[in-house]
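Data block below; observations after.
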Amino acid sequence: MSGPIQSADRALRILQVVADHGHPLGLREVSQLVGLHASTTYRLLATLRARGFVEQESAGGRYRVGIQAFRVGNAFLAAADLRDRLRPVLATLAARSRETANLVILHDTEAVYIDHIVSVNITKLFTQIGQRVPLHCTAVGKVLLAYAPDQEDLLRRLRLRRFTPYTITTAAELRGALAAVREAGYAVDREEHELGVACVAGPVCDADGRVVAAVGISGPSARVLPRLAHMQRHVRAAVVAASRLMGASTLPRPGGAEVP
């Protein structure tokens with residue numbers, strides 16, 4: 001296994017030093033604290049500044065933590081909060097459906113599994129915490145994409161890769177599928193990402209009405225699809241419970257209306 005990349009390691013050390021101090025630091029201070037030559041430290045700080053991870057004061061030129069570092073840290077805190085709040089919902093969904101229950105968030109152009117409770121009937125583990133999956137061919141991904149405020153930008157950036165004979169591979173077909181998700185209030189993956197695997201998912205709203213996550217179930221298609229109506233009801237109940245826990249006062253419902 002290869003070791004850490006030196007430039008990345010140095011940049012992260014600099015970011016940590018700047019973050020650990022309660023006041024802005026000058027170039028010389030940062031250089032001394034990380035044990036690097038001033039010219040090297042300056043180039044790394046310039047890169048971090050260009051990416052928004054550090055900011056430089058106009059007076060004095062000292063460095064402090066930037067907004068992008070806050071966003072990254074806040075994303076971690078938000079994911080941790082989601083997991084803690086919604087784990088009981090996942091437990092109930094797994095128990096009722098007897099399939100693996102998943103909690104997934106949107107990150108850039110992918111869906112990321114941040115928690116799951118494995119089915120009592122498991123024969124194969126279909127998901128892993130931290131796993132990233134495409135948006136266009138997974139139930140959780142289609143839910144997150146269907147309700148994304150920047151949907152058009154995401155659609156332009158997506159690569160509609162074919163995984164199985166059932167994968168959506170055209171923008172027109174995907175737009176139709178997303179409209180169907182909003183109309184129904186849930187999404188289904190019928191072996192679109194992996195043969196033999198089916199999933200059902202729905203949107204979790206927060207107090208501002210934003211969709212912040214998707215909850216769903218995954219399991220063998222031979223087990224899930226014949227019981228699809230039951231799976232949809234279980235997922236819908238989980239969506240309502242999870243959204244209430246997140247402070248939502250209204251929820252998306254079939255047809256795009258809201259449930260008070």
Side-chain angles (χ1 to χ4, degrees), residues 75-107 110-135 137-148 163 181 184-207 210-248 251-253 259:
F76 169 79
L77 292 175
D81 181 59
L82 275 173
R83 288 185 62 178
D84 290 344
R85 286 199 199 187
L86 302 187
R87 186 144 251 266
V89 174
L90 288 190
T92 300
L93 178 57
R96 290 179 175 174
S97 68
R98 300 182 67 80
E99 301 295 348
T100 296
N102 304 299
L103 178 62
V104 186
I105 60 172
L106 178 66
H107 184 266
E110 295 177 304
V112 182
Y113 287 81
I114 62 171
D115 202 6
H116 68 187
I117 293 183
V118 177
S119 166
V120 294
N121 292 326
I122 190 168
T123 55
K124 176 186 175 183
L125 189 61
F126 301 110
T127 61
Q128 299 279 353
I129 295 175
Q131 178 181 354
R132 296 171 177 267
V133 295
L135 299 179
C137 59
T138 58
V140 289
K142 285 186 284 186
V143 164
L144 295 169
L145 185 56
Y147 294 98
F163 291 88
V181 170
Y186 63 86
V188 180
D189 165 10
R190 296 176 172 87
E191 301 188 336
E192 296 167 45
H193 186 231
E194 185 178 349
L195 289 174
V197 180
C199 309
V200 184
V204 178
C205 296
D206 67 5
R210 299 171 301 184
V211 171
V212 293
V215 294
I217 59 95
S218 56
S221 54
R223 224 169 41 208
V224 171
L225 295 180
R227 302 163 55 218
L228 190 56
H230 294 289
M231 296 296 127
Q232 291 164 0
R233 283 197 292 271
H234 293 319
V235 167
R236 181 60 188 168
V239 162
V240 171
S243 296
R244 297 297 190 211
L245 285 172
M246 293 302 297
L251 306 171
R253 74 175 181 187
V259 178

*asked:* As an exercise, state the distance from CD1 of Ile105 to CZ of Arg83, rounded to the nearest 0.5 Å.
replied: 10.5 Å

_Heavy-atom side-chain proximity of Leu135 to Leu106 below 4.5 angstrom_ = yes

*When rounded to the nearest 0.5 angstrom, what is the spacing between CZ in Arg85 and CZ in Arg244?*
14.5 Å

_Minimum heavy-atom distance between Gly216 and Val235, given as atom pair plus value_ = CA-CG2, 4.4 Å

_Side chain proximity check, Arg227 to Glu99, heavy atoms < 4.5 angstrom_ = yes

*Got His230 and Ser97 here, is their nearest side-chain heavy-atom distance under 4.5 Å?*
no

_Heavy-atom check, side chain of Val188 versus side chain of Lys142, under 4.5 Å_ = no

*Please name the pair of heavy atoms, one in Val181 and one in Ala146, separated by the smallest distance, quoted to 0.1 Å.*
CG1-CB, 3.7 Å

*Nearest heavy-atom pair of Ala238 and Val89: which atoms, and what distance?*
O-CG1, 3.5 Å

*Shortest non-hydrogen contact from Val239 to Pro203?*
CG1-O, 2.9 Å

*Could you tell me whether the side chain of Ile217 reaches within less than 4.5 Å of the side chain of His234, counting heavy atoms only?*
no

*Between CG on residue Leu144 and NE2 on residue His107, distance to nearest 0.5 Å*: 13.0 Å

*Supply the atom-to-atom distance Arg96 CZ to Arg233 CZ, rounded to the nearest 0.5 angstrom.*
12.0 Å

*asked:* Could you check whether any side-chain heavy atom of Glu194 comes within less than 4.5 Å of a side-chain heavy atom of Asp189, counting everything from C-beta outward?
replied: no

*Kindly give the heavy-atom pair with the smallest separation between Val143 and Ala201, and that separation in Å.*
CG2-O, 3.5 Å

*Quick one: closest heavy-atom pair of Gln232 and Tyr186, and the distance?*
NE2-OH, 2.9 Å

*If only atom types and distance count, is the side chain of Glu192 paired as donor or acceptor with the main-chain N or O of Thr138 below 3.5 Å?*
no

*asked:* Within the 4.5 Å heavy-atom criterion, are Tyr113 and Ile129 side-chain neighbours or not?
replied: no

*To the nearest 0.5 Å, how far apart are CG in Leu82 and CE in Met246?*
4.5 Å

_Note, Leu86 side chain near Val204 side chain (heavy atom, < 4.5 Å)_ = yes

